Amino acid sequence: KQRLNNKLHRLVTAPVVTASDAYAAPPVALVVDGKSVQDGTPTPDAPVAIQSVETANLLSGNTETVTIASAGAFYPMTLVNLPAGTYTLSFETELTSGNWQAIYNSVESSTGQTIITTQSLATKTITFTVNQPMPYFKIFSTEAGTYRNIRLARGSAAHPYVPYGCVGLYAVGRNLWSFGQEYSRTSAGDLLAKSAMHVPAGQYTFSFDVVSFTSGSNNNAQLLMYDQSGTLVTQPVVVLNTGRVSAAVNPSRDVESLKLYVGTACTLTNFQLELGSTTTPYQPYVGFTTPIPLQGHALRSLPDGTHDELRVDADGNVTLVQRVGSYTVTGSESASSSTKYGSYRRVVSNNAVTEEMQARTAQWGNAGQGLCTHAIFKWQQTEQIAHVYIAGTTLALFAEVETAAEVLTAYAGAEILYPLRTPQEISLGTVSLPSMPAPDLTSWASCTPATDIELDYERDVTIAVERIEAAIAELATN
């Protein structure tokens, strides 16, 4: 506990920050930590991509509100230059009939374009995988109308909308249920169709009021929760009864979509999904996403814990503290030296990295202090394995080939992440952070991959004092 300008506040660091004593005021400070993940061990012949925290929306241009007067593209063919991989696309519209298509092409025209998927307009969120790069991308609809909050992001997480070039600070009150608050059915079936919602793994309670139901052989409601691959994570059952009913919800891994099935005709209202194992009185959903600009930068990390930080202070000033450098091998670097070690050749390129972005001093023999898409990162000068390192301004590449030219060709396009000798501070403008939901608060960064945030929030002094008094009273009775 600390005091700042005569205000009580608390700093919490976690992937999902929770509080029950928040005051309705903007955060004192916010930090989004960098994170980079790599799924597998790379080699020059089998590269493995590195995914770092970046903009939570890869689509530039107008994505907030688009109206088309007839069938056509509500996101026109636009240069995106995205690699092969898995992506999640979402948008909002009142339209439910007709179809839409996600399309990519190697050129800006429609000639030779590839249709990724065709979906009904009743489906507004999909996850798809493409095995080819997507230089240009567009979204076509058969129906005139208005389309809002168009978002394309890497991975399968169903995060809220943010504009291009931003990550989002997501903050919500006690009730995480962001869908409608009253549903009715005249027979068994889906009360809520499968819908995108990001719910971090944890312990929750799901509750609602039963207005009416037809008693039968299956007086139950089931909340079915799915992970990013569409695999069922958990399906808690709530027995229908007059009044408020509830069930424990304990997803063992992150949930990206859910649906609500009922076994009989019913009318249900006042839905609440909340953290913890206790059912509390219903509160309406209150939540928002605040875009925080990245201006084209990524937030990276290294296996040894070195990571970038996106900082927002109490005045809304946004600063990127960059501790991880990124270098992309062009394949045309000059070979300052070329040496053969057994069947492996080492190519060293002096001054490949700028003085400003040079790596910290090499700790020879150590691995795990960098990442590369085409090989392991290891500060080792002679070892006969495929590996890379950057020491100071020097780039070194090792491959099991004969010539220096073949080494450079093997690593062309490789991304190398390494620790900077001197952290860089980059101003990214200002942002207005709104007041946090109070007194119950749940907050996380809307980005992929998921990462820690450090949220310094103002506490409600009345709640803090009441808890102190209760603790003193308990001590006095013991």
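Atoms considered below: every heavy atom in the structure, side chains included; atoms not considered: hydrogens, waters and symmetry mates. Computed from a predicted structure; not experimentally measured.
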Next item on the list: Tell me, yes or no, whether the heavy-atom count around Asp39 atom CG, taken from other residues, nucleotides or ligands under 6.0 Å, exceeds 12.
Entry: no

Item checked: Test item: Ile139 and Gln101 side chains (from C-beta on) under 4.5 Å apart, heavy atoms -> no

Next item on the list: Report yes if the side chains of Ser326 and Arg300 come closer than 4.5 Å at any heavy-atom pair, otherwise no.
Entry: yes

Next item on the list: Would you sort out whether Tyr75 and Phe140 count as a ring-ring contact (aromatic ring centres under 6.0 Å, His included), showing the intermediate values?
Entry: CA-CA 7 Å; Tyr75 185 78; Phe140 173 89; over 10 Å; no

Notebook entry, point to check: Any side-chain heavy atom of Tyr226 within less than 4.5 Å of one from Lys259?
Noted result: yes

Note to self: Less than 3.5 Å apart, any donor N or O on the side chain of Thr127 or Thr88 sitting next to an acceptor on the other?
What the structure shows: yes

Next item on the list: Test Trp177 against every option in Phe206, Phe208, Tyr285, Tyr282 by the ring-ring contact (aromatic ring centres under 6.0 Å, His included) rule and name the one that passes.
Entry: Phe206

Notebook entry, point to check: In terms of heavy-atom contacts, does CD of Gln295 have more than 12 from other residues, nucleotides or ligands at under 6.0 Å?
Noted result: yes

Note to self: Is the shortest side-chain heavy-atom distance between Met436 and Pro27 below 4.5 Å?
What the structure shows: yes

Next item on the list: May I ask you to test the Asp254-His198 pair for a side-chain heavy-atom distance under 4.5 Å?
Entry: yes

Check: So do Thr114 and Ile103 actually touch side chain to side chain, heavy atoms under 4.5 Å?
Finding: no

Margin query: Between Trp100 and Tyr147, is the ring centroid distance below 6.0 Å?
Written below: no

Next item on the list: For residues Arg151 and Leu59, report the shortest heavy-atom separation together with the two atoms involved.
Entry: C-CD1, 4.3 Å

Notebook entry, point to check: Has Tyr164 got more than 12 heavy atoms of other residues, nucleotides or ligands less than 6.0 Å from its OH?
Noted result: no

Check: Are Glu458 and Arg10 close enough for a salt bridge, meaning some N to O gap below 4.0 Å?
Finding: no

Margin query: Does atom OH (Tyr23) have a neighbourhood of more than 12 heavy atoms from anything else shown, all under 6.0 Å?
Written below: no

Check: Just how far is it from atom CZ of Arg311 to atom OG1 of Thr319, taken to the nearest 0.5 Å?
Finding: 8.0 Å

Note to self: Is the distance from the ring center of Phe288 to that of Tyr170 below 6.0 Å?
What the structure shows: no

Item checked: Minimum side-chain heavy-atom gap Val318-Thr430 below 4.5 Å -> no

Checklist line | Residue pair Leu310, Val167: steps toward the side-chain contact (heavy atoms from CB on, under 4.5 Å) verdict | finding: CA-CA 10 Å; Leu310 184 66; Val167 296; 3.8 Å; yes

Margin query: Tell me which one of Val80, Val130, Ile115, Leu82 satisfies side chain to side chain contact (heavy atoms under 4.5 Å, CB included) with Tyr104.
Written below: Val130

Check: Is Lys194 salt-bridged to Glu256, cutoff N-O under 4.0 Å?
Finding: no

Item checked: Salt-bridge contact Asp304-Arg360 (side-chain N to carboxylate O under 4.0 Å) -> yes

Margin query: Looking at Asp308 and Arg323, is there a salt bridge between them, counting it only when a charged N and a carboxylate O are closer than 4.0 Å?
Written below: no

